[in-house]
Undergrad: 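Mind looking over this structure? Questions follow.
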Number of protein chains: 4
Amino acid sequence: MINQVTLVGRLTRDPELRKTSDGLPVTTVTLAVSRQFRNQHGEIEADFVQCTIWKKPAENTVQYCRKGSVVGVTGRLQTRHYDNKEGKRVYVTEVVAESIRFLGAKPNYAQAEPPPTVTVTVTKEELPF
Amino acid sequence: MINQVTLVGRLTRDPELRKTSDGLPVTTVTLAVSRQFRNQHGEIEADFVQCTIWKKPAENTVQYCRKGSVVGVTGRLQTRHYDNKEGKRVYVTEVVAESIRFLGAKPNYAQAEPPPTVTVTVTKEELPF
Amino acid sequence: MINQVTLVGRLTRDPELRKTSDGLPVTTVTLAVSRQFRNQHGEIEADFVQCTIWKKPAENTVQYCRKGSVVGVTGRLQTRHYDNKEGKRVYVTEVVAESIRFLGAKPNYAQAEPPPTVTVTVTKEELPF
Amino acid sequence: MINQVTLVGRLTRDPELRKTSDGLPVTTVTLAVSRQFRNQHGEIEADFVQCTIWKKPAENTVQYCRKGSVVGVTGRLQTRHYDNKEGKRVYVTEVVAESIRFLGAKPNYAQAEPPPTVTVTVTKEELPF
DNA sequence: TTTT
DNA sequence: TTTT
């Protein structure tokens, strides 16, 4: 079975580094990917795709990217579900990144506020390795 | 911006042909795509990806595929949202197929029950052309 | 059968518009795609991929791109062969572009020398439609 | 820079296992990928794409595939050149496989003639890792 | 709501 | 909850 995704788009917000309880770095970004066609009002819309990035690429993303940065992501589609507080099942489809490329002009982020790191609990089910 | 998806998987159920009020054929299938790794219980899981297929490829899918058929889909990721009856916003990520290939042994479906066609209302927003 | 290629790289030279005898615009570009790993001398090399672009996208490429422009190409691999003047068979593998995206900073090429158009003979075999 | 290829096609011959002098398993296969359109004589042609497969996937390919087997390959395009005995430079474009999937009915190859293993010299330049 |  |  084959499951291959390639996206180039812009980050919708500053990425934030999280850590699993085992110390694995992870970040979750949303890519805004402009469509190649216009809607009935003549506007170009975008698709907003959730991407999960693990380990070293996660750290690089947080270090080198900000809201609006153009990135290329290759990876695979992953689906999962959970039950929300109303007891309703919620279905999630996201991209697990295999690699991420930083495209476009690289602004100088050296003096930027270092983004905080949060320790989170990630279920083993979510791990892509 | 680039948005490219390639999947090979199995249909989770018999596809069903629908028609928009303008007469456009459309079908929505779910592809079960086996993962290439095992979970903590040693099992191989699958991702279940929603795919929307339009026009002639929709008709071909309904004619030539059944539950369990292996198909290859190329297309793009599309996101949308709607508010459910509880007034909660629901986010949907799906693949809009550009092309579909029928892989694997083709069973003889000639004598199969012809699947019904339903006329549905599809918002213009959902149309990928 | 599935045949899907996605590339992001830089043009190795200014693109040049050609026309088939039927008046179809076509341009052939080479994309330099940097590898993600270093060779035994610690250098990053690139792959140089031939891409054929037809019709409106060909015209856009010649108008908006120059040597060094970053572009994203989706398409399919195509192989062909011919016999050179020494009578030896030469095998060619290239990408036929389905779409091309102009990424990165768009310089102002308005006042640039308009590139020449050449009429060429293209065998029907080479046409991807 | 992004370099992503997905192919589904048939092996044009039985795969043969080779070994580099360091003991790395490698096999080179050609995939026949049928086109989705007909030429001017109404025939469907195919593209013949060279693929290089390394390590465990190489061994699996030789063990489980034969001429005609349907396989899915994901990987990246690689270009290289060498000078032939006439002193002419020859350019090669091939796919370096990242993963390979065995699709379609799996015949029982248990009693098949075990294919021979040959030790070959592969330049470090060709190694994709 | 999931396929072999 | 959305980017330029």
Side-chain angles (χ1 to χ4, degrees), chain A residues 1-3 7-16 28-36 43-51 61 65-73 77-84 88-95 102-105 107, chain B residues 1-3 7-16 28-36 43-51 61 65-73 77-84 88-95 102-105 107, chain C residues 70 72 101-106, chain D residues 70 72 101-106:
Chain A
M1 305 295 104
I2 291 175
N3 186 338
L7 300 172
V8 175
R10 291 180 184 277
L11 298 192
T12 61
R13 58 188 184 293
D14 287 358
E16 199 178 304
T28 303
V29 302
T30 301
L31 244 66
V33 185
S34 301
R35 296 185 182 165
Q36 298 310 123
E43 306 149 344
I44 285 190
E45 291 181 72
D47 295 292
F48 296 92
V49 184
Q50 285 271 114
C51 301
T61 300
C65 299
R66 290 294 174 275
K67 178 178 172 171
S69 295
V70 177
V71 303
V73 166
L77 276 176
Q78 182 159 93
T79 58
R80 56 189 175 85
H81 57 255
Y82 61 90
D83 297 317
N84 65 12
K88 262 211 129 185
R89 184 143 292 192
V90 178
Y91 293 89
V92 180
T93 300
E94 61 206 354
V95 170
F102 310 130
L103 306 169
Chain B
M1 306 294 106
I2 291 175
N3 186 338
L7 299 172
V8 175
R10 289 178 185 279
L11 298 192
T12 60
R13 58 187 184 292
D14 286 358
E16 199 178 305
T28 302
V29 302
T30 300
L31 245 67
V33 185
S34 300
R35 295 185 183 166
Q36 298 311 122
E43 305 150 346
I44 285 191
E45 290 180 73
D47 295 291
F48 297 93
V49 184
Q50 285 272 116
C51 301
T61 300
C65 299
R66 291 294 175 273
K67 178 178 174 172
S69 296
V70 177
V71 303
V73 166
L77 276 176
Q78 182 159 95
T79 57
R80 57 189 174 86
H81 57 257
Y82 62 90
D83 297 317
N84 65 12
K88 264 212 126 185
R89 184 142 292 191
V90 177
Y91 292 89
V92 180
T93 299
E94 60 206 355
V95 170
F102 309 130
L103 305 169
Chain C
V70 176
R101 308 274 171 265
F102 310 132
L103 306 170
K106 238 174 278 170
Chain D
V70 176
R101 307 275 172 265
F102 309 131
L103 306 168
K106 236 172 279 171

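So you know, we letter chains A, B, ... as the sequences are listed, proteins then strands, and number each from 1.
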Undergrad: Have a look at A/Arg13 and say if it touches a base, only the backbone sugar-phosphate, or nothing, with a 4.0 Å heavy-atom cut-off.
TA: nothing

Undergrad: Between atom CD of B/Glu45 and atom OG1 of A/Thr79, what is the distance when rounded to the nearest 0.5 Å?
TA: 9.0 Å

Undergrad: Taking only residues two or more places apart in sequence or in another chain, which ones pass side-chain contact (heavy atoms from CB on, under 4.5 Å) with A/Thr12?
TA: A/Thr30, A/Ala32, A/Phe48

Undergrad: Under the 3.5 angstrom rule, does the side chain of A/Asp14 hit a backbone N or O of A/Lys67 as a donor-acceptor pair?
TA: yes

Undergrad: Would you give the length of the straight line joining atom OG1 of A/Thr28 to atom CD of A/Gln50, rounded to the nearest 0.5 angstrom?
TA: 6.5 Å

Undergrad: Go through it in stages, so that I can follow the logic: the residues are B/Ser69 and B/Phe102, the test is side chain to side chain contact (heavy atoms under 4.5 Å, CB included), and I'd like the CA-CA distance, side-chain angles, deciding distance and then a yes or no.
TA: CA-CA 8 Å; B/Ser69 296; B/Phe102 309 130; over 6 Å; no

Undergrad: Using a 4.0 Å cut-off to any heavy atom of chain A, which nucleotides of DNA chain E are the first and last in contact, reading 5' to 3'?
TA: E/dT1 to E/dT2

